[in-house]
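These notes are about the structure you will find just below.
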Amino acid sequence: MLEIQGVTRVFPARRGMFGQGAEVRALTDVTLSIREGESFGLVGESGSGKTTLTRQILRLDTPTSGIIRFEGKDMATLSPAALRALRAQIQIVFQDPYASLNPRMSVHDIVTEPMLIHRDLLGLNRRQRTDRATELLDLVGLGPQHLYRYPHEFSGGQRQRICIARALAPGPRLILLDEPTSALDVSVQAQVLNLLIDLQKRLNLTYFFISHDLGVIRYICDRVALIYRGEIVEKGDTRSVFDAPQSDYARELLAAMPEVRVPD
Amino acid sequence: MTDIATTPAVARTARSEAMRRALFRFRQSKLSIVGAVMVFLVLFFTAFGGLLAPYPEHVAGGVDTANRFLAPSVGHPFGTNELGQDVLSLVMAGTTVSVAAGFAVVLIGTLIGTTVGAIAGFNGGWIDEVLMRLSDLMLTIPGLILAMAVAAALGPGFVNMILAISLSWWPGYARLVRGEVISAREEVYVSAARAIGASPARVLFRHILPNIVSPVIVKMSLDMGFAILTVAALGFIGIGVRPPTPEWGTLLSISRSYMPDFWWTAIFPGLAMFLAVFGFNLLGDGLRDVLDPRARR
């Protein structure tokens, strides 16, 4: 479904007052492929290039070299209109639910905005958009009474549910989850994770799940890749990576992992 | 889910709740309330000062030379001036010109400045460079000197005066808005909007600008005082509004030659100016505490 081939992103050196700084290689030759319907996990520490990779996939940023294909189409060659249509298919849930909702917009406006932007694609009128927003809120465990509230009136877990509803609004097939639970309390994390698993089954979604929490990855993902300093150091089925890690980095990471009980 | 009738009511309560909280915070500070009351009085006289003046014929330019330089009394609480005109009437009517001109200056400055700043901050790159160097250039020219140059070129008058001051007024807003837009542009919700597929115009008008309104409103309120002062200063040096139209700066300018013997001719226009400026500054401080709590000292 999503193919990332040899993607490299180098941020050019900044010319300062005292000569040149060093260029930053955020991603080096990253190759991954994500299959329809699976949950693909990407694990890496802070600064390893996880978020940079999501920005390449969303085309908020352009890779220095390499190709990203969605459904066989090279995203770099798409016309602006085709890219806009594609954006309905790929959605993202960000890490920080406190920063990723516009504080001046009501939940209704936040959730209906993707439908408004992609109205050509979805063909929903105002009334239908409101109805669908209500349905989506219901789907993520919020009620119609929340529709006209503002983000500051919600807790972190509820906000992340709003973010998920917004991501679901244009009817996407792939959702990028950029550490969706790491800003939440542990008890809320489990609720949100279970919601995500439930939604995946119901709506037949593909997840690209980014995290540094190995327990979460193991709980959710079918396949996993490890990224270290912008390079993929290991990838494979979650079970085999966790049971028989091949690379030194993977072994180190797993050794450092606290013992967690994972429900089967 | 189909209960659509109740949803607008929910919206209203949520919004009115936020308003109630803001009002509560505003009321916590007595000075803000004093400022709001003063601004209300100033605006009241701006609207009705000319109509309520006890001697409307003096406002229109009539003179009464038999009663020159009367000290403040019951009939003329602020006394009379060198032409026998009632100073109270002139000060009341003068509010209109001074405050309207000040407001026009701030409004025009805000419009130009916000447009320039938003374009510069949102686009970045060479557009940003060009626009900001242009506004830096404007900042290097002292406002009064520029206003005098404009008055010399276009002739003195109410509209020219406003244009002249606005020209030197907008760069402050351009800088403020540019900075705010640049920091808002990096917010995650802006990335989110772009990832959804929002157009640049949508991102700017729906996601960035609504989130930078507060500091702009605060600056407008704080600037009102200075704008009124600048208008008065231009009147004082004689290139603003011409007599007989009453204006605080002009009133002050004429009466300064009769100080200190006939102090009331100068004191009262000056006092009116002081109260207006003070009121708008207090209100601005109060608004900042409510709308932009981060900037609180």
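In the text below, chain A, chain B and the rest are named by the order of the sequence lines, each starting its count at 1. The figures here come from the full heavy-atom set of this structure, side chains too, leaving out hydrogens, waters and symmetry mates.
- Contacts with chain A (heavy atom to heavy atom, under 4.5 Å) involve no residue of residues 116-135 of chain B.
- No more than 12 heavy atoms of other residues, nucleotides or ligands sit less than 6.0 Å from atom CZ of R84(A).
- With a 4.5 Å cut-off on non-hydrogen atoms, R206(B) touches chain A through its backbone and its side chain both.
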(Q) Does R55(A) form a side chain to side chain contact (heavy atoms under 4.5 Å, CB included) with S191(B)? I'd like the steps, not just the answer. (A) CA-CA 9 Å; R55(A) 292 180 64 86; S191(B) 289; 3.8 Å; yes
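- Residue S199(B) does not touch chain A at all, counting heavy-atom pairs closer than 4.5 Å.
- Using a 4.5 Å cut-off between heavy atoms, L116(A) touches chain B through its side chain atoms alone.
- Counting only distance, with no hydrogens or angles, the side chain of H118(A) and the backbone of I196(B) share a donor-acceptor pair below 3.5 Å.
- Contact tally against chain B (heavy-atom pairs below 4.5 Å) for P114(A), P172(A), A99(A), A88(A): the top residue is A99(A).
- Neither the backbone nor the side chain of R59(A) comes within less than 4.5 Å of any heavy atom of chain B.
- Between chain B and the residues L58(A), N102(A), I117(A), the most heavy-atom pairs under 4.5 angstrom are made by N102(A).
- Highest contact tally toward chain B, considering only M105(A), R104(A), H108(A), is held by R104(A) [criterion: heavy-atom pairs under 4.5 Å].
- Atom CZ of F226(B) has 12 or fewer heavy atoms from other residues, nucleotides or ligands within 6.0 Å.
- In F278(B), the CZ atom is not crowded: 12 or fewer heavy atoms of neighbouring residues, nucleotides or ligands sit closer than 6.0 Å.
- With chain B as partner, the option from L137(A), L176(A), L101(A) having the largest number of non-hydrogen pairs under 4.5 angstrom is L101(A).
- No more than 12 heavy atoms of other residues, nucleotides or ligands lie within 6.0 Å of CZ in F40(B), so this atom counts as exposed by the packing criterion.
- Shown here for A195(B) and I92(A), the closest heavy-atom pair between the two residues is CB-CG2, 4.0 Å.
- Y189(B) has its side chain out of reach of P151(A): every pair of non-hydrogen atoms, C-beta onward, lies at least 4.5 Å apart.
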